[in-house]
J.: 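The following block contains the structure, expressed as structure tokens.
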Amino acid sequence: TLCTREARLQGLYRRPVVLSSLEKLKVQESNGSTLEHIFNLISVPNVQSLCLIRTGIYEAFTDAVGGFSLLPNIRELRLEGVWFEEKGYYYFSERRNPSHKIMEKLLTAMPRLTSIYLNSKLEALATHLIQPSCPLPELTEIYLSGLSGDLIVNVVEGRHKLGLAVRTDR
């Protein structure tokens, strides 16, 4: 077995399989339990690019990302059609936004983030990029797809007010 119950903490297992040469990871059309299972089985300490497409994220995963430094070297984050969920029901959809606490946990666990891509389903996460509690000082490339022009202007102006430069905005 690749993981043991003895090493279990906060719903996630420690991962004995280390994929140290993996630099890009893409998970598509998944759910929170599958994503959790992937990170129960592997450790990807050198992944610099993470892409999640139409994938659910458990709240426990956001805790573990920071707590175990699962993705300490992430520099590029691409989230398309991602939702946050708790076991048994959807936590994030077009009708319901995730809490700022969950978003802050996810983003602050990736302090080296330089580039982020968000689509229209993650409007709440885009607005979180201008919160003083989560400045992400190295984040200079922000790609926003399908969001309103006003929101894009607010994100760029908000980052500038925090003293943080944005080179690219789409």
Side-chain angles (χ1 to χ4, degrees), residues 9-10 12 15 18-28 32 35-36 38-39 42-85 91-92 97-170:
L9 183 60
Q10 294 182 359
L12 298 176
R15 291 131 333 266
V18 178
L19 303 176
S20 58
S21 62
L22 187 68
E23 293 182 1
K24 293 183 179 184
L25 178 63
K26 179 178 182 179
V27 179
Q28 186 168 340
L35 187 65
E36 180 181 37
I38 290 168
F39 284 97
I42 65 172
S43 176
V44 289
N46 295 314
V47 165
Q48 295 180 17
S49 176
L50 176 64
C51 179
L52 302 176
I53 300 174
R54 294 183 299 280
T55 297
I57 300 175
Y58 278 156
E59 183 174 354
F61 178 75
T62 61
D63 291 333
V65 166
F68 293 120
S69 297
L70 292 179
L71 305 167
N73 296 316
I74 292 291
R75 301 199 55 84
E76 298 174 8
L77 179 63
R78 184 177 184 98
L79 302 175
E80 292 184 54
V82 170
W83 65 91
F84 291 85
E85 59 186 46
Y91 192 78
F92 178 81
N97 292 328
S99 72
H100 282 286
K101 184 177 179 182
I102 291 171
M103 292 185 290
E104 185 176 333
K105 286 179 187 178
L106 183 64
L107 293 175
T108 57
M110 301 178 204
R112 299 182 65 204
L113 197 63
T114 60
S115 174
I116 191 167
Y117 173 94
L118 303 173
N119 73 346
S120 61
K121 292 188 177 196
L122 295 165
E123 185 174 322
L125 188 54
T127 60
H128 195 69
L129 296 173
I130 59 175
Q131 299 299 319
S133 61
C134 188
L136 297 170
E138 295 184 36
L139 180 64
T140 57
E141 296 180 5
I142 301 173
Y143 301 91
L144 304 172
S145 175
L147 298 175
S148 73
D150 289 342
L151 178 60
I152 292 171
V153 168
N154 288 342
V155 169
V156 173
E157 287 179 351
R159 302 263 321 150
H160 284 295
K161 286 179 184 175
L162 292 172
L164 304 167
V166 177
R167 285 190 307 214
T168 306
D169 178 49
R170 297 183 185 168

J.: With rounding to the nearest 0.5 Å, note down the distance linking CG in N119 to CZ in R78.
T.: 8.5 Å
J.: Please enumerate all residues that pass salt bridge (charged side-chain N to carboxylate O under 4.0 Å, His left out) together with E157, with sequence neighbours excluded.
T.: none
J.: Going by side chain to side chain contact (heavy atoms under 4.5 Å, CB included), name the residues that satisfy it together with L22, two or more places apart in sequence or in a different chain.
T.: L19, L25, V44, V47
J.: Quick one: pull up CD in E80 and CG in L118 and give me the separation to the nearest 0.5 Å.
T.: 10.0 Å
J.: List the residues meeting side chain to side chain contact (heavy atoms under 4.5 Å, CB included) with Q28, not counting sequence neighbours, and say none if there are none.
T.: K26, I53, R54
J.: Excluding sequence neighbours, so at least two apart, what forms side chain to side chain contact (heavy atoms under 4.5 Å, CB included) with S20?
T.: V18, N46
J.: Evaluate V82 against L122 for side chain to side chain contact (heavy atoms under 4.5 Å, CB included), listing each step before the verdict.
T.: CA-CA 7 Å; V82 170; L122 295 165; 4.3 Å; yes
J.: To check you understand the geometry: which heavy-atom pair defines the closest contact between L107 and L129, and what is its length?
T.: CD1-CD2, 4.0 Å
J.: Search all heavy atoms of V166 against all heavy atoms of H160 and return the closest pair with its distance.
T.: N-CE1, 4.1 Å
J.: Please identify each residue that fulfils salt bridge (charged side-chain N to carboxylate O under 4.0 Å, His left out) with R112, with sequence neighbours left out.
T.: none
J.: Can you name the residues that form a salt bridge (charged side-chain N to carboxylate O under 4.0 Å, His left out) with E76, not counting sequence neighbours?
T.: none
J.: My understanding is that only residues two or more places apart in sequence, or in another chain, count here; which of them pass salt bridge (charged side-chain N to carboxylate O under 4.0 Å, His left out) with R75?
T.: E138
J.: Report the distance from atom OH of Y117 to atom CG of L79, rounding to the nearest 0.5 Å.
T.: 10.5 Å
J.: Mind checking side chain to side chain contact (heavy atoms under 4.5 Å, CB included) for S148 and listing every partner two or more places apart, or none if nothing turns up?
T.: D150, L151
